[in-house]
Amino acid sequence: MKKAAAEILREYGPFPGVERVNGVTYDGQHAWFASGDKLNALDPESGRTVRSIDVAAHAGTAFDGRHLFQLSGDSIQKIDPKTGRVLSTIPAPGGAGSGLAWAEGTLWTGQYRNRKIHQIDPNTGAVLRTIESNRFVTGVTWVDGEMWHATLEGEESDLRRIDPQTGEVLERLEMPPGVSVSGLESDGGDRFFCGGGSSGKVRAVRRPKRRAA
């Protein structure tokens with residue numbers, strides 16, 4: 001297993017009126033972050049929030065190319081980002097969740113204290129597959145066929161690349177002491193966006209480069 005210190009490229013926030021950052025996602029232009037009663041669109045270049053949507057946003061966030069998905073309580077909401085309207089809801093596995101990601105035409109959600117990641121049907125919420133972790137799961141993302149998830153336990157956080165079939169940890173990026181991760185998303189390139197929980201911040205972390213085959 002590879003292990004390295006996480007390289008924080010930039011910190012965003014804290015933001016006015018935001019006490020906590022929960023889930024994060026990326027739509028190709030903006031990094032969206034959940035802050036309890038709002039979804040906020042952050043411009044990663046300027047560091048400013050450019051708009052917000054009033055919606056219950058207490059956990060993971062995802063984007064499928066057209067719609068935002070937001071975990072809140074025991075349900076996952078499908079949201080039109082243009083209008084902010086909630087189009088539909090499905091149940092969250094086990095009645096709760098933490099991270100949320102879109103990949104392979106399905107949603108992937110973490111179950112924090114159960115130390116699990118579920119692949120779920122985005123139309124029904126049915127669980128298609130479950131991956132076990134040995135730490136509390138706080139964020140999930142896919143990039144270039146790689147599955148990563150964030151953890152938080154004992155006030156320590158890391159980002160982990162895992163085998164999506166077995167759950168084996170292949171690589172770890174350790175966050176600095178006292179820096180927690182509450183949500184995780186890739187920008188599809190060399191950055192991860194990490195929710196900063198009660199710090200009220202979003203952090204950009206460098207994704208490790210892959211050697212050409």
Side-chain angles (χ1 to χ4, degrees), residues 10-103 106-113 118 120-125 137-142 150 152 180-188 191-204:
R10 185 170 177 181
E11 288 192 343
Y12 304 94
F15 306 94
V18 173
E19 295 183 1
R20 181 177 177 84
V21 172
N22 301 311
V24 291
T25 195
Y26 185 68
D27 67 4
Q29 183 178 7
H30 299 116
W32 290 82
F33 65 90
S35 61
D37 58 357
K38 283 180 171 40
L39 264 173
N40 310 273
L42 166 70
D43 178 355
E45 304 312 315
S46 70
R48 297 175 181 170
T49 51
V50 295
R51 62 173 293 219
S52 63
I53 296 172
D54 291 327
V55 66
H58 300 109
T61 312
F63 181 69
D64 70 355
R66 288 186 59 198
H67 305 102
L68 292 163
F69 292 84
Q70 180 59 52
L71 256 166
S72 187
D74 61 0
S75 66
I76 299 171
Q77 305 166 96
K78 182 179 181 179
I79 301 162
D80 182 337
K82 294 179 180 177
T83 64
R85 193 162 65 93
V86 176
L87 303 175
S88 61
T89 62
I90 57 173
S98 46
L100 194 63
W102 177 270
T106 58
L107 287 166
W108 300 74
T109 181
Q111 264 195 307
Y112 178 63
R113 292 197 176 275
H118 300 292
I120 62 174
D121 185 312
N123 297 310
T124 66
V137 177
T138 60
V140 185
T141 190
W142 281 82
L152 172 62
S180 62
V181 179
S182 59
L184 178 67
E185 181 65 292
S186 163
D187 70 349
R191 291 179 299 184
F192 290 118
F193 291 110
C194 300
S198 58
S199 71
K201 296 181 178 182
V202 175
R203 296 179 176 93

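Position 1 is the first residue of the sequence; numbering continues from there. Just so you know, these numbers come straight off a predicted model, no measurement behind them.
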N/O donor-acceptor pair under 3.5 Å between His58 side chain and Gly36 backbone = yes
Considering all heavy atoms, the nearest Ala56-Ser72 contact = CB-OG, 3.2 Å
remark   = So OG1 of Thr141 and CG of Leu100: to nearest 0.5 Å the spacing works out to 10.5 Å
ask   = Aromatic rings Trp102 and Phe69: how do their planes relate, parallel, tilted or perpendicular, breaks at 30° and 60°?
value = parallel
ask   = Quick one: OG1 on Thr106 to NE2 on His118, what's the gap to the nearest 0.5 Å?
value = 13.5 Å
ask   = At their closest point, which heavy atom of Gly110 faces which heavy atom of Val140, and how far apart are they?
value = N-CG2, 3.9 Å
message = Distance alone, cut at 3.5 Å: any donor-acceptor contact between the side chains of Ser35 and Asn40?
response = yes
ask   = Run the side chain to side chain contact (heavy atoms under 4.5 Å, CB included) check on Tyr112 and Val137 step by step: do they pass?
value = CA-CA 5 Å; Tyr112 178 63; Val137 177; 5.9 Å; no
remark   = When rounded to the nearest 0.5 Å, the distance separating OG of Ser186 from CZ of Arg191 is 9.5 Å
Side chain proximity check, Ile53 to Leu68, heavy atoms < 4.5 angstrom = yes
query = Is the backbone of Ala101 close enough, under 3.5 Å, to the side chain of Trp142 for a donor and an acceptor to pair up by distance?
reply = no
message = Rounded to the nearest 0.5 Å, what separates atom CG in Leu107 from atom CD1 in Ile120?
response = 5.0 Å
message = Donor-acceptor check, side chain of Gln70 to backbone of Lys78, threshold 3.5 angstrom: yes or no?
response = no
query = To the nearest 0.5 Å, how far apart are OG1 in Thr61 and CG in Leu184?
reply = 11.5 Å
task = Please say whether more than 12 non-hydrogen atoms of neighbouring residues, nucleotides or ligands are located less than 6.0 Å from CZ in Arg10.
result = yes
ask   = Shortest non-hydrogen contact from Val181 to Ala150?
value = CG1-CB, 3.5 Å
request  = Could you tell me which non-hydrogen atom of Leu71 sits nearest to which non-hydrogen atom of Ala92, and how far apart they are?
outcome  = CD2-CB, 3.7 Å
message = Give me the atom names and distance for the closest heavy-atom approach of Ser199 to Pro14.
response = O-CB, 4.0 Å
ask   = Which residue pairs satisfy the ring pair (Phe, Tyr, Trp, His ring centres under 6.0 Å) criterion with at least one member in residues 20-42, sequence neighbours excluded?
value = Phe15-Phe33, Tyr26-Phe193
inquiry  = Within the structure provided, determine whether Val18 and Thr49 are in side-chain contact (heavy-atom separation under 4.5 Å).
reply    = no
task = Report the distance from atom CG of Leu42 to atom OG of Ser52, rounding to the nearest 0.5 Å.
result = 12.5 Å
query = So which heavy atom on Arg51 is nearest to which on Pro81, and how close?
reply = NH1-O, 2.6 Å
task = Could you name each residue pair satisfying side chain to side chain donor-acceptor pair (under 3.5 Å) that touches residues 11-22, not counting sequence neighbours?
result = Glu11-Lys201, Glu11-Arg203, Arg20-Asn22
key: Gln77 and Thr89: side chain donor to acceptor below 3.5 Å   = no
